[in-house]
Amino acid sequence: MSFWQFRKEAAKSTHASLSNLIAKLKLGNLKKLSLPWYVVFYLVVLYYSTVLNAQIISHFYRILENSQNVSTLFSLTPPLVLFSALSIVFLVFCFRYVFKTVMALLVFIGSITGYFAYKYGIIFDYDMMINLLQTNPQEAKSYLSFEIFYKIFIFGVLPTLFILFVKIKWSKTFLRAIVGRVIILAIASSTLYVITANYYQNYASIGRNHNILRKEISPYNFVWFGYKAIKQTYFPENVVFQKHGTDSIIDNPGERPEIFVVVVGETARAQNFKHNGYERNTTPYTEGLENFTKFAPVTSCGTATAISVPCMFSIMNRDHYDEKKAKHQSSLVDVLKYAGYKVMWFDNDGGCKGVCDRVEHEDLVVNDPELKGVCTDDSCYDEALLRKLKPRVDAAAKSKKSTVIFLHVIGSHGPTYFKRLPDNLKQFKPSCERADIENCSVEEIVNAYDNTLVYTDYILKGVVDILRPYSKNFGTAMFYISDHGESLGEDGLFLHGAPYAIAPIFQRRVPMMTWFSNAFAEDHKMNLGCLNQEAQKEQFSQDNFFHSLLGILDVNTSFYDEDLDLFNRCRIWKKQNRN
């Protein structure tokens, strides 16, 4: 039995047991129920350290399964450590008028994060909290289903109601209150001391080799990382915006005006593309296109859009990326505008994460009359972007002004893969047609996901078709790269957003493809045969994106790095001397 199946069966068993218990419990009688404060306290700690921390407990025991010379007694201690630690932390809030409010809030939020953590292996660290804060309502709706509401009601709402409605008998004297808390503190501290004294080396070893475990501890994860994310998002430090690249110029005398389209993908993983060894042809529409180059898997900057997009559009590489700095300095989009390009951004994926804020940009809306027939009640197919693109390309050709247009597609955003394309374009069946993908087979999930890749390929072909009529008098080109990948059940993980240090390769490898018209290749003295060889020979990353776009668009600026320009080896660019 796979771990995913094990979790599924365990969840069913737990759910059945709780349902039977709740059926016997009349919530109307909770107000009549009176319990000593320490009983309620320990019930909350027990519930939190077991049910709501199922992710870290299951992860810890998976580590122990692969470890040698682990004693039976040590394997019994992890729940005790968690129980004792939470006893000490929750004791801080164990006071009248405070306990119920804080514990009810922690239990309710913990049930939500616990559900997604246990079901999909999601870790709620800082990057994930930033991703959540930047999620738009349409995207959030894709994660909702009846089962999610039902599970949160069972594991979150009902325990919260218990905390709020049960009558707590507090100590009648101050001395008894202090003594009771001292006893709890002493028991928890003593337990931790005894376990540490005997098994410190075991815990230290596991902690050093698996430091991600601390990010799985609830409520520490969503409280601490949520605080940091909220502070950074809504209460940022007053930092002066730094303009970079104001010396940029379009350095291509004698060349034709250019119309360049950059397609920023969403959740496309490189492993599911035929040219990377996949058994299915998920790129049938671009298969026969002339001058179309497909690159070997490219390493992403992050595992979520909120990290990858600002990072790849920043001059900083992944190793030195700083989110705060990126927000307050020029992005690649800005530099292209400084150089003299007309720049536009059209978004079908919840926003550009700040990189397009200072240029002409538009987020697609479902009730736009121009998009009739390509939008549903809550989202638009990426074909809607083609409708936005066509008149802008026509206008650029008429004005004869070099233009760069960015299209941010919703691509393969899950878990509702089936909503990303019309039914008539779905090739692989049966596919998962529901949001709660845990109730689909892995085969159905993969089919639904692969269908989105085929549809993205259909969109890329559509972009080329729009550009092709102008390919004689203009240098037309397209560049496609995804933001991050996706897990499809490998090692029990689904979706994306895992901390980069432990994220599986499926979330960190993305596809990249280019199309250059003959006129564009001629103007840029591009050797496409050389590029095709380099594309499969070299291992590129999103660190190459910034400088490659500058180079291929002939943007001469003082901080352009030709070593990071992946096109540099296969073209001739006689740049003006910037010194």
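The shown structure was predicted, so the numbers you read here are calculated from the model rather than taken from an experiment.
- Heavy atoms from other residues, nucleotides or ligands lying under 6.0 Å from CG of Asp377 number 12 at most.
- Listed by first then second residue, pairs satisfying salt bridge (charged side-chain N to carboxylate O under 4.0 Å, His left out) with a partner in residues 402-423 read Asp378-Lys419, Asp423-Lys426, not counting sequence neighbours.
- Atoms OG and CG, from Ser548 and Leu566 in turn, are 3.0 Å apart once rounded to the nearest 0.5 Å.
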* To do: Walk me through it: do Ile307 and Asn131 pass the test side-chain contact (heavy atoms from CB on, under 4.5 Å)?
  => CA-CA 8 Å; Ile307 304 300; Asn131 200 40; over 6 Å; no
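- Looking at Thr267 and Ser412, their side chains never bring a donor and an acceptor atom within 3.5 Å of each other.
- Applying the salt bridge (Lys or Arg N to Asp or Glu O under 4.0 Å) criterion to Asp347, with sequence neighbours excluded, gives no partner residue.
- Separation of atoms CE (Met312) and NZ (Lys353) is listed at 14.0 Å; rounding is to 0.5 Å.
- For Tyr321, there are no ring-ring contact (aromatic ring centres under 6.0 Å, His included) partners at least two apart in sequence or on another chain.
- The shortest distance between side-chain heavy atoms of Arg358 and Phe241 falls below 4.5 Å.
- Residues forming a side chain to side chain donor-acceptor pair (under 3.5 Å) with Lys324 (at least two apart in sequence, or on another chain): Glu237.
- Judged by distance alone, the side chain of Arg387 and the main-chain N or O of Glu370 form a donor-acceptor pair under 3.5 Å.
- Distance alone, capped at 3.5 Å, places no donor-acceptor pair between the His413 side chain and the Gly411 backbone.
- To the nearest 0.5 Å, atoms CG (Asn348) and SG (Cys375) are separated by 7.0 Å.
- Taking the side chain as every heavy atom from C-beta outward, Leu386 and Val463 approach each other to under 4.5 Å.
- A salt bridge is absent between Asp457 and Lys461; no separation between the charged side-chain nitrogens and carboxylate oxygens falls under 4.0 Å.
- How far CZ of Phe313 is from CG of Leu549: 7.0 Å, rounded to the nearest 0.5 Å.
- Every residue meeting the side chain to side chain contact (heavy atoms under 4.5 Å, CB included) condition with Asn252, not counting sequence neighbours, appears here in chain and number order: Ile250, Glu255, Glu258, Asp554.
- Between the Asp382 side chain and the Ile410 main chain, a donor and an acceptor come within less than 3.5 Å of each other.
- A donor-acceptor pair under 3.5 Å is formed between the side chain of Asn451 and the backbone N or O of Gln427.
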* Asked: Is there a ring-ring contact (aromatic ring centres under 6.0 Å, His included) between Phe545 and Phe479 once you walk through the steps?
  -> CA-CA 10 Å; Phe545 179 74; Phe479 189 113; 5.6 Å; yes
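- Within the 4.5 Å cutoff, side-chain heavy atoms of Trp345 are placed close to those of Val355.
- Judged by the 6.0 Å distance and 45° axis criteria, Lys151 is not positioned over the aromatic ring of Tyr115.
- Using modelled atom types, one side-chain atom of Arg571 and one backbone atom of Gly551 make a donor-acceptor pair closer than 3.5 Å.
- Sequence neighbours left out, the pairs with a member in residues 528-544 that pass salt bridge (charged side-chain N to carboxylate O under 4.0 Å, His left out) are Glu534-Lys537, Glu534-Arg569, Glu538-Arg569.
- Legend: residues meeting side chain to side chain contact (heavy atoms under 4.5 Å, CB included) with Asn532, ordered by chain and number and at least two apart, are Thr293.
- For residues 390-402, the set of pairs meeting the side chain to side chain donor-acceptor pair (under 3.5 Å) definition, not counting sequence neighbours, comprises Lys390-Asp394, Asp394-Tyr470.
- Side chains of Glu323 and Pro310 form no contact here, defined as non-hydrogen atoms less than 4.5 Å apart.
- We find that Lys337 and Glu360 are not joined by a salt bridge, their nearest charged nitrogen and carboxylate oxygen being 4.0 Å or further apart.
- With respect to the salt-bridge test (charged N to carboxylate O, under 4.0 angstrom), the residues Lys388 and Asp368 qualify.
- Between Leu488 and Arg269 there is a side-chain heavy-atom pair separated by less than 4.5 Å.
- Using modelled atom types and a 3.5 Å distance limit, the side chains of Asp561 and His547 yield no donor-acceptor pair.
- Smallest separation of non-hydrogen atoms from Ser308 and Thr303: OG-N, 4.1 Å.
- Between the side chain of Asp436 and the main chain of Asn439, no donor-acceptor pair closer than 3.5 Å is present.
- Pairs passing the salt bridge (charged side-chain N to carboxylate O under 4.0 Å, His left out) check and including a residue from residues 270-282, sequence neighbours excluded, read Arg280-Asp450.
- Residues passing the ring-ring contact (aromatic ring centres under 6.0 Å, His included) test with Phe516 are Phe520, Phe567, sequence neighbours excluded.
- A salt bridge between Glu522 and Arg256 is present, with a side-chain N of the basic residue lying under 4.0 Å from a carboxylate O of the acidic one.
- With Asn221 contributing its side chain and Asp125 its backbone, the two residues share no donor-acceptor pair below 3.5 Å.
- With hydrogens and angles disregarded, a donor-acceptor distance shorter than 3.5 Å links the side chain of His524 to the backbone of Ile552.
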* **Worked check of side-chain contact (heavy atoms from CB on, under 4.5 Å) between Ile459 and Glu383** => CA-CA 7 Å; Ile459 298 300; Glu383 284 177 76; 3.8 Å; yes
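- The main-chain N or O of Lys525 is never found under 3.5 Å from a side-chain atom of Trp573 such that the two would form a donor-acceptor pair.
- At a threshold of 4.5 Å between non-hydrogen side-chain atoms, the residues Phe273 and Leu453 count as touching.
- Phe225 places none of its side-chain heavy atoms less than 4.5 Å from the side chain of Ile123.
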Could you pull out every donor-acceptor pair under 3.5 Å between side chains of residues 500-514 and any protein atom, sequence neighbours left out?
from, atom 1, to, atom 2, distance (Å)
Tyr500, OH, Ser300, O, 2.7
Gln507, OE1, Gly497, N, 3.1
Gln507, OE1, Ala498, N, 3.1
Gln507, NE2, Ser487, OG, 2.9
Arg508, NE, Ala503, O, 2.8
Arg508, NH2, Ala503, O, 3.4
Arg509, NH1, Thr299, OG1, 3.3

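- Between Phe559 and Phe546, the two ring planes are tilted [angle within 30° to 60°].
- A donor-acceptor pair is defined here as one N or O able to donate and one able to accept, closer than 3.5 Å; no such pair exists between the side chain of Thr233 and the backbone of Ile230.
- Atom CD of Glu287 sits about 9.0 Å away from atom OG1 of Thr282, to the nearest 0.5 Å.
- Looking at heavy atoms from C-beta onward, Asn291 lies in side-chain contact with Asn518 at the 4.5 angstrom threshold.
- Pairs passing the ring-ring contact (aromatic ring centres under 6.0 Å, His included) check and including a residue from residues 435-456, sequence neighbours excluded, read Tyr417-Tyr449, Tyr455-Tyr458.
- Going from atom OG of Ser331 over to atom CD1 of Ile315 covers 11.5 Å, rounded to the nearest 0.5 Å.
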* **side-chain contact (heavy atoms from CB on, under 4.5 Å) assessment of Leu460 paired with Trp515** => CA-CA 9 Å; Leu460 297 183; Trp515 173 80; over 6 Å; no
